[in-house]
Amino acid sequence: MTFYTKNVGWEQEQHKLRKIREKVFVCQWRIPKECEFDYQDRHAFHILVFDERDHEIATGRITPKGEIGRIAVEPEYRGAEVYRLLFDALLAIAKQNALEEVVVQCELDGVNYYRQQGFRPVGTVYMDAGTPRQPLMCRLSEFSLARVELTH
């Protein structure tokens, strides 16, 4: 199957972004809707991933400060290829905006995986919508796209 990405703005495509994120985070993972959408959505850079039939199947965002998050992928498309494509697009935005590092907020069971990708813990563990999370940071110069294989 073939996939492609598109950089989109919140104002123009929020209906598509909301649709995917509500399905994944609110319906499947039971994240409260009021926690899923925040003030950063208006200022973040967003990516939509499309399948070969031009259906949006995934999304993610990166804030102007380099925080990668809100990565939501339709269940039937969760695999290395889609995650790699999504991360490629988000990191390209980071480079275009001359960011030197990116940050992810991951669940505790994903910390070791991200460490293998070049991320290192920064700050303390905190609770987000009932889930403990650890902030991790990676300098773009130390990140290897070939190693990215995110899974849920």
Side-chain angles (χ1 to χ4, degrees), residues 1-29 31-75 77-107 110-111 113-114 117-123 126 128-129 131 133-152:
M1 190 168 280
T2 305
F3 305 102
Y4 68 94
T5 62
K6 183 178 176 185
N7 295 17
V8 299
W10 179 258
E11 294 301 321
Q12 299 80 17
E13 300 290 354
Q14 70 175 289
H15 62 286
K16 292 178 182 176
L17 298 165
R18 283 181 177 277
K19 178 182 161 190
I20 295 169
R21 286 169 50 184
E22 283 181 7
K23 182 176 180 181
V24 172
F25 295 124
V26 178
C27 295
Q28 293 174 0
W29 294 1
I31 303 289
K33 194 173 186 176
E34 59 273 9
C35 294
E36 174 52 29
F37 301 100
D38 61 21
Y39 70 93
Q40 293 190 72
D41 280 322
R42 293 193 184 285
H43 306 289
F45 304 96
H46 298 269
I47 295 292
L48 277 171
V49 180
F50 295 85
D51 67 10
E52 57 199 14
R53 297 166 297 159
D54 294 326
H55 294 120
E56 55 274 353
I57 56 122
T59 186
R61 77 178 188 191
I62 183 167
T63 68
K65 292 185 178 183
E67 184 175 324
I68 293 174
R70 301 309 200 265
I71 294 174
V73 180
E74 295 276 354
Y77 296 99
R78 291 179 187 156
E81 183 179 1
V82 171
Y83 286 105
R84 189 173 294 121
L85 190 63
L86 188 53
F87 242 80
D88 283 349
L90 292 167
L91 292 175
I93 291 170
K95 289 177 183 176
Q96 289 167 0
N97 287 277
L99 297 175
E100 294 183 13
E101 57 192 35
V102 293
V103 175
V104 295
Q105 313 290 332
C106 82
E107 294 181 21
V111 170
Y113 174 80
Y114 276 100
Q117 309 314 312
F119 284 82
R120 60 181 166 74
V122 292
Y126 67 95
D128 179 33
T131 302
R133 296 189 178 276
Q134 170 69 57
L136 296 115
M137 186 276 297
C138 185
R139 296 188 60 77
L140 286 179
S141 61
E142 298 170 3
F143 190 80
S144 171
L145 291 177
R147 296 184 298 200
V148 175
E149 290 186 22
L150 300 176
T151 57
H152 285 289

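- To the nearest 0.5 angstrom, R139 atom CZ is 5.0 Å from E100 atom CD.
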Verdict with supporting geometry, Q105 and D128, side-chain contact (heavy atoms from CB on, under 4.5 Å): CA-CA 10 Å; Q105 313 290 332; D128 179 33; over 6 Å; no

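- A distance-only check finds no donor-acceptor pair linking the side chain of Q96 to the backbone of L91 [under 3.5 Å].
- Partner L86 forms a side chain to side chain contact (heavy atoms under 4.5 Å, CB included) with one of I47, T59, T5 and no other, that one being I47.
- When side chains are defined from C-beta on, V111 does not count as touching F119, because their heavy atoms never get closer than 4.5 Å.
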V73 and Y83: CA distance, side-chain angles, deciding distance, side-chain contact (heavy atoms from CB on, under 4.5 Å) verdict: CA-CA 8 Å; V73 180; Y83 286 105; 3.6 Å; yes

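- The side-chain heavy atoms of E81 and L85, taken from C-beta on, include no pair separated by under 4.5 Å.
- Between D51 and F3, the closest heavy-atom pair is CA-CD2, 3.9 Å.
- A search for ring-ring contact (aromatic ring centres under 6.0 Å, His included) contacts involving F50 returns Y4, not counting sequence neighbours.
- Counting only heavy atoms from C-beta outward, the side chains of Y114 and C138 never approach each other to under 4.5 Å.
- V24 is not listed as a side-chain neighbour of I71, based on a closest heavy-atom distance of 4.5 Å or more.
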Please tabulate, for the side chains in residues 33-40, all donor-acceptor contacts under 3.5 angstrom to protein atoms that are two or more places apart in sequence or on a different chain.
| unit_1 | atom_1 | unit_2 | atom_2 | d |
| --- | --- | --- | --- | --- |
| K33 | NZ | E22 | OE2 | 3.3 |
| E36 | OE2 | R21 | NE | 2.6 |
| E36 | OE2 | R21 | NH2 | 3.0 |
| E36 | OE2 | R70 | NE | 3.4 |
| D38 | OD1 | Q40 | N | 3.0 |
| D38 | OD1 | D41 | N | 3.4 |
| D38 | OD1 | R61 | NH1 | 2.9 |
| D38 | OD1 | R61 | NH2 | 3.4 |
| D38 | OD2 | R61 | NH2 | 3.1 |
| D38 | OD2 | R70 | NH2 | 3.0 |

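- Using a 4.5 Å heavy-atom cutoff, the side chains of F45 and N97 are in contact.
- When all heavy atoms of P121 and L136 are compared, the closest pair comes out as N-CD2, 3.7 Å.
- Here the closest non-hydrogen pair linking Q28 and P75 is NE2-CG, 3.0 Å.
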Verdict with supporting geometry, W29 and T131, side-chain contact (heavy atoms from CB on, under 4.5 Å): CA-CA 11 Å; W29 294 1; T131 302; over 6 Å; no

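- The line from CZ of R78 to CD1 of I57 is 10.5 Å long, rounded to the nearest 0.5 Å.
- For the pair E52 (side chain) and T2 (backbone), a donor-acceptor distance under 3.5 Å is present.
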Worked verdict on I20 versus E74 for side-chain contact (heavy atoms from CB on, under 4.5 Å): CA-CA 7 Å; I20 295 169; E74 295 276 354; 4.3 Å; yes

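- R133 has its side chain within reach of E107: a pair of non-hydrogen atoms, C-beta onward, lies under 4.5 Å apart.
- From L90, atom CG reaches atom CG of L99 across 11.5 Å, with rounding to the nearest 0.5 Å.
- Here the straight-line distance linking atom CD of E56 with atom NE2 of H15 works out to 7.0 Å at 0.5 Å rounding.
- Considering CD of E11 and CZ of R42, their distance stands at 4.5 Å, rounded to 0.5 Å.
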